[in-house]
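Worksheet for the structure shown next.
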Amino acid sequence: MTDIKSLALSELKDEMAAMGEKAFRAEQLYGWMHRKLAVSYEEMTNLPKALADRCRQRYEYTVLKPILVQESAIDGTRKYLFGLADGNAVESVLMRYKHGNCVCVSSQVGCRMGCRFCASTLDGLERNLRPSEMLDQVYAIMRHTGERVSNVVVMGSGEPLDNYDNLLRFIELLTDENGLHISQRNVTVSTCGLVPEMRRLADRKLQITPALSLHAATDEKRRALMPIAERYPLEELMEACAYYFEQTGRRITFEYSLVKGVNDSEEDAGKLASLIGRLNCHVNLIPVNPIRERGYRQSDRRAVEAFRNRLQNRGINVTVRREMGRDIDGACGQLRRRYRKET
Ligand code: SAH
């Protein structure tokens with residue numbers, strides 16, 4: 001069955017035409033789904049019942065059910081675990097900032113990239129999420145809080161560029177003026193570095209904000225943390241980053257999780273500065289969020305400071321990311337994993 005919430009408005013218009021319905025019905029339906037965030041046809045009060053019945057027979061209408069909501073006592077961050085129609089579960093995070101609410105969405109159920117420090121990948125990839133299922137994470141959180149969401153980061157479980165077509169449709173619908181109309185600049189997509197897809201995405205010239213999970217400044221160290229580094233060496237990756245900037249004019253954020261004794265020395269910082277120094281970029285340092293299954297530990301506060309200073313002295317924009325939701329299994333894949341183990 002066609003997934004109605006993943007259709008673009010133009011496609012929905014074609015569907016309505018094929019059903020012999022008037023074109024404005026497509027706009028009505030689309031508005032109910034993507035602006036008013038309806039969870040069923042019953043809510044669509046100006047839609048004739050006969051049409052609702054036909055749609056119900058013809059299309060699948062995705063909705064996410066909150067299974068668990070955890071709120072951090074430290075910073076108010078909320079972590080949601082949502083149930084999908086097929087019994088799988090995904091997690092999303094709501095972060096409240098002064099400048100607005102930000103939702104971190106998952107792009108896949110599980111992940112197959114195998115990064116050593118990440119909980120999402122421990123059980124491998126279950127399946128890709130559909131555009132509607134990514135949107136629903138944002139929609140369900142807006143409904144639950146009654147508050148608008150102004151920023152979306154695709155930094156939850158999964159590798160977004162490993163689910164390329166669905167990701168692009170998700171961005172199209174999320175930023176569409178007939179939907180929530182979130183600005184492309186307020187949508188961040190984070191990748192572990194799938195070079196061909198990064199180049200493909202660059203060619204689309206979207207104004208979204210790119211983020212690259214770097215985590216190491218040499219191939220040897222990166223391979224020890226991220227299996228994807230076996231496939232794409234840093235030289236190719238840096239060329240792809242430069243290409244991305246050339247095509248889009250959008251500055252890249254490099255994410256670098258600091259792991260004690262692994263990638264956090266001042267020498268590492270120096271190598272990082274040399275690697276990225278020529279790019280128009282920003283570095284986000286994240287103290288690694290330890291997961292039970294792996295032995296990695298967080299860098300000391302002093303090591304973090306020294307690392308940051310070294311980058312700053314080399315003229316690189318750098319911030320240390322405020323850790324949010326530490327007390328609620330905030331890091332990628334932790335909550336879903338705990339839930340799966342308990343049930
Ligand atoms: N697959 C994408 C997006 C999901 S992960 C990517 O790799 O970018 C979002 C970010 O969180 C990535 O930078 C990832 O490397 C990082 N991350 C995952 N687990 C972490 C942990 N336990 N501690 C700190 N950062 C982590």
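Counting starts at 1 for both ligands and their atoms, in listed order.
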For the residue pair Met238 and Ile276, establish whether any side-chain heavy-atom pair is separated by less than 4.5 Å.
->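 Answer yes - side chains close enough.
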Atom indices of ligand 1, in the order listed, that fall short of 4.0 Å to a heavy atom of Cys118 =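 Every atom of ligand 1 under 4.0 Å from some heavy atom of Cys118: 18 (C), 19 (N).
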Run the numbers for me: atoms of ligand 1, each under 4.0 Å from some heavy atom of Cys192, listed by number.
->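 In order of number, 6 (C), 7 (O), 8 (O).
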Would you kindly specify which portion of Thr191 sits under 4.0 Å from ligand 1, judged on non-hydrogen atoms: side chain, backbone, both or neither?
->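 Under 4.0 Å from ligand 1, Thr191 contributes backbone atoms alone.
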Glu255 and ligand 1 - part of the residue with a heavy-atom distance under 4.0 Å =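 For Glu255, only side-chain atoms sit under 4.0 Å from ligand 1.
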Look at ligand 1 and say whether His215 reaches it with a heavy atom at a distance under 4.0 Å.
->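 Contact present.
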Could you tell me whether ligand 1 has any atom less than 4.0 Å away from a heavy atom of Gly158?
->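 Within the 4.0 Å threshold, so yes.
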Regarding [X] and [Y], is there a side-chain donor-to-acceptor distance under 3.5 Å anywhere?
X	Y	value
Glu71	Thr77	no
Thr209	Arg185	no
Asp3	Tyr61	no

Of the choices Gly156, Ser190, Cys111, which has the non-hydrogen atom that lies closest to atom 4 (C) of ligand 1?
->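 It is Gly156 whose heavy atom sits nearest to atom 4 (C) of ligand 1.
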Taking the minimum heavy-atom distance to atom 16 (C) of ligand 1, which of Phe254, Tyr256, Phe117 ranks first?
->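 Selected option, by shortest heavy-atom distance: Phe117.
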Could you tell me whether Phe117 and His215 have their ring centroids closer than 6.0 angstrom?
->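 Between His215 and Phe117, which both carry aromatic rings, the centre distance is below 6.0 Å.
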How are the rings of Phe82 and Tyr80 set to each other: parallel, tilted or perpendicular (split at 30° and 60°)?
->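 Ring orientation of Phe82 relative to Tyr80: parallel.
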To the nearest 0.5 Å, tell me how far Gln207 CD sits from Ile171 CD1.
->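 These two atoms lie 12.0 Å from each other.
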Under 3.5 Å, N or O to N or O, is Val154 touching ligand 1 that way?
->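 No.
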